[in-house]
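What follows is a short report on a single structure.
In the text below, chain A, chain B and the rest are named by the order of the sequence lines, each starting its count at 1. All values below were derived from every heavy atom in this structure, side-chain atoms included, with hydrogens, water molecules and symmetry-related copies excluded.
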Amino acid sequence: MPPRRTDVDSGSDSDSFDESSKKAKGKTKAKEGAYAWEAKYTRSWDTVQEDEGGSLQGTVEGLIARRRRRRLLEPTAAVRRTIVRHLFLLIDLSDAMRERDLRPTRLDLTLQCARAFVTEWFDQNPLGQIGIGAMRGGLGDRIVEMTGNPQDVLTVLGERHRFEPSGEPSLQNALEMARSAMSHLPNHASREVLVIYSALTTVDPGDIMETLAACVRDRIRVSVVALAAEMRICRELCEKTGGTFSVAMNEGHFKDLLFELVPPPALRTGPKTDTRSSTSGADLMLMGFPTRLPASAPAALCSCHGAMRRAGFLCPRCRARLCDVPTDCPVCGIMVVSAPHLARSFHHLFPVKPYAAVYVELFSVYSLSDSRSSEQRCHACSVSFPTQTQQHQVQEGMSPFGRYRCPTCSHDFCPDCDVFVHDVLHTCPGCEN
Amino acid sequence: MNADRASHLSLILDLSPAQWHLSSAPSNPSPLSLETFLSHVLTFVNSHIASKPENTLAVFGALPGKSVLIHSSEIADADGSVDIPGDPNSYRPFKLVDSVIAQNIETEIGGLYLADEEPPVALVGALTKALCHINRTYQTSAERSSTTQNSDAVPEPRILILSVSPDLSASYIPIMNSIFSAQKLKVTIDICKVFGPDTVFLQQVSHLTGGSYIHLEQRDALLQFLIMSFLSPPFMREVLAVPKQDKVDFRAACFCHKNIVDIAFVCSVCLSIFCSPVPVCTTCRTKFPIKSLQRLQSARPFQTGGPSGIANGVSTPANGSPKPRPATAS
Ligand SMILES: [Zn+2]
Ligand SMILES: [Zn+2]
Ligand SMILES: [Zn+2]
Ligand SMILES: [Zn+2]
Ligand SMILES: [Zn+2]
Ligand SMILES: [Zn+2]
């Protein structure tokens, strides 16, 4: 068993973390057991019980049933998403990250929490983009370019060898890098920098106050989560730019601090002059969807930098060449976004109705009139339904026939597909014919 | 990436009788009939199975208003009921697959109710079923076996869509949902446009899932294109010079009329897409300020002749040229 430990642990860890964070969002922080680190250490395999036959089937089904019930309880109210956010995550990769005061090490904990953070962040900010930079060896090191694809970010965060700590961090170099990465962004997009800072020093080539002033000018909001202790310059950065500064006391607190930064920040009346519509924040935005040119396209001058480029995007309104989207077209001023970024939030808008568990044997009654009832296979994955009913240990919300019926198209689905359709696909294969 | 890993191919065939009728019309520069197409596809399918004994296959058919599973290695193995007379001139597994696919397609097309107007092809139905099938057969089993040992035992899944129908703007949202599910399952989706104009949404599908999109120009060379471009699993394609996708159109369909639009009005709360300024968001019921409506109305004349889609009518998807206005730049 011991070799499995890390595996099982990290998996279950992030899961339970996700759930608790979701609960925390919905209600006030009325957690039963206070923080996770105060609870007794539980090994996930201890909670799994074998039945008399030594099989885990019952437990697995119980888990599925729990997920189903949770989904049925979820509110179906309209979801409010916010406009475009951009976040540059700066991770300290100085030698101080090797410290073991946070388990397993500061670095491992940071990467683990960052993965959970990125998943949750994209869930709540579908039109957002995240880039990742590192501070090591006195330089700012761009690890992931700004991207709207959570998978890109998560893959890189999983590659441990790209996060090898070395040398001293430079706050100024890293901030300048983040600033240049976000310089093209549209006007009403938010620009945020989140620094996870482990060291107690910074090695800067120039005056960091100038960088601070530049950040204020560019309306970049800097937030710092320190792993060691408070630093004056960090606090000042956050206060001047409207971000938040916090020091993590332990592992659980660190996660909480990161997750507090997931919901979009309240609209602030900073240097922004436009406060007319900020009361409700709701507005209709004019957007253009560009055409992406391949790398083999003939080179042309881009309208944003005036440089010769091959790949790029075409503004749908004025056909100007753009290097990157989303952006405000420098020629005609329209906000150019790629439509798939918008689409990531669609599943919140049109959720699939929960499938109903089939309790009663209907085949004999309907077999003549309705051929659907005699479907022998799951309508989605075409795997056969069990022929024998599992009347023993049927839990609430579970079908003894392993059948779940869509209320709209009245096709039957297996438990695996039920979970997949509602949690991932968000489209009923039966309703789509 | 393990080069020895087997691969699973989910093949989605667009079997729209109307489009295939047009495709085989002798007036075409290079007519391609459904029969020729199927014989090419069967050879391709056989090559896939022959490349590696562990390779698996599922074939889905998208028919008007209906999608069906035509063949699946898993289910055929489990049933083992198909009784095909032996033929000394052919390899039995090929013969099995070929005859099952051919038979099933024949019965499906033969069973179609012939109406005056053909309902749109259920391509999205087939795509979502393919994803469910992959999730059930490969992902869930990978999860279960991951604790025991290597995940290399599980075939690497991918999807290939052979499309002949024009864009279905009505299914824009399910298509987008399928893209994100495929990303989550790490499934690449390849598109081969065998007949008809480029489709905006399928271009986005292949681009966003890391697949390739090929518009077949020389249609008599279908088999060659299939084998050269789509036989190798995705990780091999970096070594081989597989034709790369040309332009990708990141356009969307509006929620109000299902028109394909390149400039749209977007609700800042729920990100619903509308082709004209609306006072209230129909999805989340948010009211928009009058001022911004007036401002946006005055900004509209920029769009010469109104939103591009409206000219195409409400029910017809924007077929014909994928670009509503000719590109002047580039
Ligand atoms: Zn440029
Ligand atoms: Zn423009
Ligand atoms: Zn199923
Ligand atoms: Zn349904
Ligand atoms: Zn419309
Ligand atoms: Zn809305």
Using heavy-atom distances under 4.5 Å, tell me whether [X] contacts chain B through its side chain, its backbone, both, or neither.
X	result
A:Ala380	both
A:Val421	side chain
A:Leu154	neither

key: Evaluation steps, side chain to side chain contact (heavy atoms under 4.5 Å, CB included), between B:Leu293 and B:Phe265   = CA-CA 10 Å; B:Leu293 281 182; B:Phe265 300 88; over 6 Å; no
Side-chain H-bond candidate by donor/acceptor type, A:Arg321 with A:Ser303, under 3.5 Å = no
key: Check: B:His215/B:Asp198 side-chain N/O donor and acceptor closer than 3.5 Å   = yes
Could you look at [X] and say if it's the side chain, the backbone, both or neither that has a heavy atom under 4.5 Å from chain A?
X	answer
B:Leu123	neither
B:Leu185	side chain
B:Gln204	side chain
B:Ile179	neither
B:Leu131	both

task = Check B:Ser10, B:Ser73, B:Ser72 against B:Thr56 for a side chain to side chain contact (heavy atoms under 4.5 Å, CB included) and give me the one that passes.
result = B:Ser73
query = Given the side-chain rings of B:His207 and B:Phe250, with only the six-membered ring counted for Trp, is the space between their centroids under 6.0 Å?
reply = yes
Of all of [options], which one pairs up most often with chain B through heavy atoms under 4.5 Å apart?
options	answer
A:Gly288, A:Pro150, A:Cys417, A:Pro290	A:Pro290
A:Ser338, A:Ser382, A:Cys414, A:Pro340	A:Pro340
A:Leu425, A:Val336, A:Val383, A:Thr291	A:Leu425

inquiry  = Over 60° means perpendicular and under 30° means parallel, so tell me whether A:Tyr355 and A:Phe413 are parallel, tilted or perpendicular.
reply    = parallel
Choice from [options] maximising heavy atom contacts with chain A below 4.5 Å:
options	answer
B:Cys132, B:Cys281, B:Ser178	B:Cys132
B:Leu127, B:Ile173, B:Leu69	B:Ile173
B:Val266, B:Val248, B:Leu63	B:Val266

ask   = Between A:Asp418 and A:Phe420, is there a donor-acceptor pair closer than 3.5 Å when you use the side chain of the first and the backbone of the second?
value = no
Chi angles and distances behind the ring pair (Phe, Tyr, Trp, His ring centres under 6.0 Å) call for B:Phe288, B:Phe274 = CA-CA 13 Å; B:Phe288 301 119; B:Phe274 303 99; 7.3 Å; no
message = For B:Glu108, is there an ion pair with B:Lys66 - N to carboxylate O distance below 4.0 angstrom?
response = yes
